[in-house]
Amino acid sequence: MKRNQLIAIIGILILVAVSAWAFWPSGSVDNSEEGHSEEEGGAETAGSEGALQISEEQIEASSIEIEAVQFGAATELVFPATVAAAPNASARIDARASGVVRSVNRTLGDYVRRGEAIARIESADAAGLASQVATARARVNELSALYDRERRLFEANVTARQDLEAAQANLQVARSELSRAQAAASAAGVSGDGRSLAVTSPISGQITAAPIVLGSYVSAGEEMFQVVNASGLQVQVALPASDAARIKPGDEATLELGEGREIGGRVRSVTPALDPESRTATAIITLAGAVQGLQPGAFLQARLRPSGETDATAISVPEAAVQMVEGRGVVFVRTQTGFQATPVVTGSRSGGRITIVSGLQEGQRIATENAFLLKAELGKEEAEHGH
């Protein structure tokens, strides 16, 4: 009995379901679902995260520039590099003669001017140079008096002209010897008392080494100071044989100084032959300006851009286009109603542009100059909505 009742109830439910399906408007369920989906999609687009509604007038008033994304980033080659002083920007100052260091006027880290005396050496050579000057001066005085005597006798018709001319020639030779002796003494910086020689710097710069001690004995040719002119520094880049031919004089370079600092430079020359041991060529890069604290021997990373070479598969944008929002790089892509903050993954930087690894597509239009105004506007909107 119960079984028959259960079968009857199931049959009634099936008849009700079939009747309801028969009388339901065709396609009404699907249409309602599609409409609901479209409403959600439209609401998400209008109020999606990172969307900014900005009119054309506001864009123009804010001087926000827009650029189309294109393939073709400049090719960059990265090599290790070493800071070195140019030949005319570095000087090793040796002792002119053997002797005792009697004074030290400048020490490690001090700045010196060209020709400035930075130490003095008491030396027998100083006395010798001073003696040569004194001897030459005495000889000039003697021959000058002899010439005056011969000139008076010649005017009195007592002596022949050839005697006068001989006296004049001897005087000229003596004066030349005096000039030579004085020049040698001056170049050596002989003191007035003739006891010490001056140690002078041939260039202006900073003392980077001073291996001397006051009162110590130094031999002729022994190193006393090293001076480097920071404005004359250059960078030497080791180029592998496979890339050496790609780098030419005039190519642009960017040097990474550490701690996020960079400085521009330009290739001045490239050695025509490879080093037989390292099998590398050397590119010399001149810096765009002096760098505080940069010393010869420092190691850097150099990014060189071969002229005429571009990566057809890479995208680069102006540095101003990439803004940091919550610790990630963001580019503002132009939409019909304004801009959309789009996260991107960035690569190398060079020449005021940043390579975009992912996040952008060719043809998209992005904000470049004054994009920071959009970042500020985005921050205000998120604050208003409690994000």
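In what follows, every heavy atom counts, from backbone to side chain, and hydrogens, waters and symmetry copies are set aside. If you read the sequence from its start, that first residue is 1, and numbering goes on from there.
- Heavy atoms only, all atoms of each residue included: Ala85 and Val228 are closest at CB-CG1, 4.3 Å.
- To the nearest 0.5 Å, the span separating CD on Glu362 from CD1 on Ile315 amounts to 7.0 Å.
- To the nearest 0.5 angstrom, Ile64 atom CD1 is 4.0 Å from Leu374 atom CG.
- Although no hydrogens or angles enter the test, the distance criterion places a donor-acceptor pair under 3.5 Å between the side chain of Thr368 and the main chain of Glu65.
- Shown here for Arg139 and Ala174, the closest heavy-atom pair between the two residues is CG-CB, 3.9 Å.
- Taking all atoms of both residues into account, the shortest heavy-atom contact from Val237 to Ala302 is CG2-CB, 3.9 Å.
- Checked by atom type and distance alone, the side chain of Glu60 never pairs as donor or acceptor with a backbone atom of Glu57 at under 3.5 Å.
- Distance alone, capped at 3.5 Å, places no donor-acceptor pair between the Gln172 side chain and the Ala169 backbone.
- Note on Val270 and Leu300: same hydrophobic cluster, where clusters join Ile, Leu, Val, Met, Phe, Trp and Tyr whose side-chain heavy atoms are under 4.5 Å apart, directly or indirectly.
- At distances below 3.5 Å, not a single donor-acceptor pair connects side-chain atoms of Thr335 with backbone N or O atoms of Gln340.
- At least one donor-acceptor pair under 3.5 Å links the side chain of Asn370 to the backbone N or O of Ser63.
- In this structure, Leu178 CG and Leu143 CG are separated by 11.5 Å, a value rounded to the nearest 0.5 Å.
- A distance of 10.5 Å separates CZ in Arg246 from CG in Leu304, rounded to the nearest 0.5 Å.
- Using a 4.5 Å heavy-atom threshold, the side chains of Arg268 and Gln234 count as touching.
- Hydrophobic clustering keeps Val333 apart from Ile54 (ILVMFWY residues linked when any side-chain heavy atoms are closer than 4.5 Å, directly or through intermediates).
- No chain of hydrophobic side-chain contacts below 4.5 Å, direct or via other Ile, Leu, Val, Met, Phe, Trp or Tyr residues, connects Ile59 to Val69.
- At a threshold of 4.5 Å between non-hydrogen side-chain atoms, the residues Ser358 and Val345 count as touching.
- In the model, Ser191 has a side-chain atom that pairs as donor or acceptor with a side-chain atom of Ser196 under 3.5 Å.
- Between the side chain of Thr135 and the backbone N or O of Ser131, at least one donor-acceptor pair lies under 3.5 Å.
- Listed by first and then second residue, the side-chain hydrogen bond (donor to acceptor under 3.5 Å, both in side chains) pairs involving residues 158-169 amount to none (not counting sequence neighbours).
- The shortest side-chain heavy-atom distance between Pro211 and Glu223 falls under the 4.5 Å cut-off.
- When side chains are defined from C-beta on, Val173 does not count as touching Ser176, because their heavy atoms never get closer than 4.5 Å.
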Checklist line | Steps toward side-chain hydrogen bond (donor to acceptor under 3.5 Å, both in side chains) verdict (Thr200, Arg114) | finding: CA-CA 8 Å; Thr200 60; Arg114 178 181 179 182; over 6 Å; no
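- Residue Arg334 qualifies as enclosed at atom CZ: its count of foreign heavy atoms under 6.0 Å is above 12.
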Check: Can you check side chain to side chain contact (heavy atoms under 4.5 Å, CB included) on Ser201 and Ile93, steps first, answer last?
Finding: CA-CA 7 Å; Ser201 175; Ile93 304 173; 4.0 Å; yes
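- No continuous path of ILVMFWY side-chain contacts below 4.5 Å connects Ile263 to Ile284, so the two sit in separate hydrophobic clusters.
- Gln364 places a side-chain N or O within donor-acceptor distance of the main-chain N or O of Gln361, the cut-off being under 3.5 Å.
- Taking the side chain as every heavy atom from C-beta outward, Ile118 and Val104 never approach each other to under 4.5 Å.
- Of all heavy-atom pairs between Ala130 and Val190, the closest is CB-CG1, 4.3 Å.
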Item checked: Stepwise salt bridge (Lys or Arg N to Asp or Glu O under 4.0 Å) test for Glu377 and Lys380 -> CA-CA 5 Å; Glu377 186 65 23; Lys380 286 172 24 179; 3.4 Å; yes
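- Here the rule is side-chain contact (heavy atoms from CB on, under 4.5 Å) with Phe225, and of Val199, Thr208, Asp110 only Val199 fits it.
- Distance check, rounded to the nearest 0.5 Å: OG of Ser269 to CD1 of Ile247 gives 12.5 Å.
- Residues Ser98 and Tyr217 share a closest heavy-atom pair of CB-OH, 3.2 Å.
- Within the 4.5 Å cutoff, no side-chain heavy atoms of Thr346 are placed close to those of Thr355.
- Note: Ile356 CD1 to Ile366 CD1 = 7.0 Å, rounded to the nearest 0.5 Å.
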Next item on the list: Apply the test side chain to side chain contact (heavy atoms under 4.5 Å, CB included) to residues Thr342 and Phe332: give CA-CA distance (whole Å), side-chain angles for both, the deciding distance (0.1 Å), then the verdict.
Entry: CA-CA 6 Å; Thr342 304; Phe332 290 91; over 6 Å; no
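- The number of heavy-atom neighbours closer than 6.0 Å to CZ of Arg266, taken from other residues, nucleotides and ligands shown, is above 12.
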Next item on the list: Start with the C-alpha distance between Leu197 and Arg120, add both sets of side-chain angles, then the distance that settles side chain to side chain contact (heavy atoms under 4.5 Å, CB included), and finish with yes or no.
Entry: CA-CA 5 Å; Leu197 303 175; Arg120 298 200 73 87; 5.6 Å; no
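- The residues Arg180 and Glu177 are annotated as salt-bridged, a charged nitrogen and a carboxylate oxygen being separated by less than 4.0 angstrom.
- Inspection of the Arg175 and Ser144 side chains reveals no N or O donor paired with an N or O acceptor under 3.5 Å.
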Next item on the list: Could you check Thr254 against Arg305 for side chain to side chain contact (heavy atoms under 4.5 Å, CB included), going step by step and ending with a plain yes or no?
Entry: CA-CA 9 Å; Thr254 300; Arg305 292 180 289 281; 3.1 Å; yes
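- Nearest heavy atom pair, residue Ala198 against residue Ala117, reads CB-CB, 4.1 Å.
- Without hydrogens or angle criteria, Lys375 side chain to Met324 main chain gives a donor-acceptor distance under 3.5 Å.
- Both Ile203 and Ile207 are assigned to one and the same hydrophobic cluster, defined by single-linkage of ILVMFWY side chains at heavy-atom distances under 4.5 Å.
- Looking at heavy atoms from C-beta onward, Val218 lies in side-chain contact with Ile121 at the 4.5 angstrom threshold.
- Of the possible donor and acceptor atoms, one in the side chain of Gln206 sits under 3.5 Å from a partner among the backbone N and O of Gly109.
- Side chains of Leu378 and Phe339 form no contact here, defined as non-hydrogen atoms less than 4.5 Å apart.
- Listed for the Asp251 side chain is a donor-acceptor partner under 3.5 Å among the backbone atoms of Lys248.
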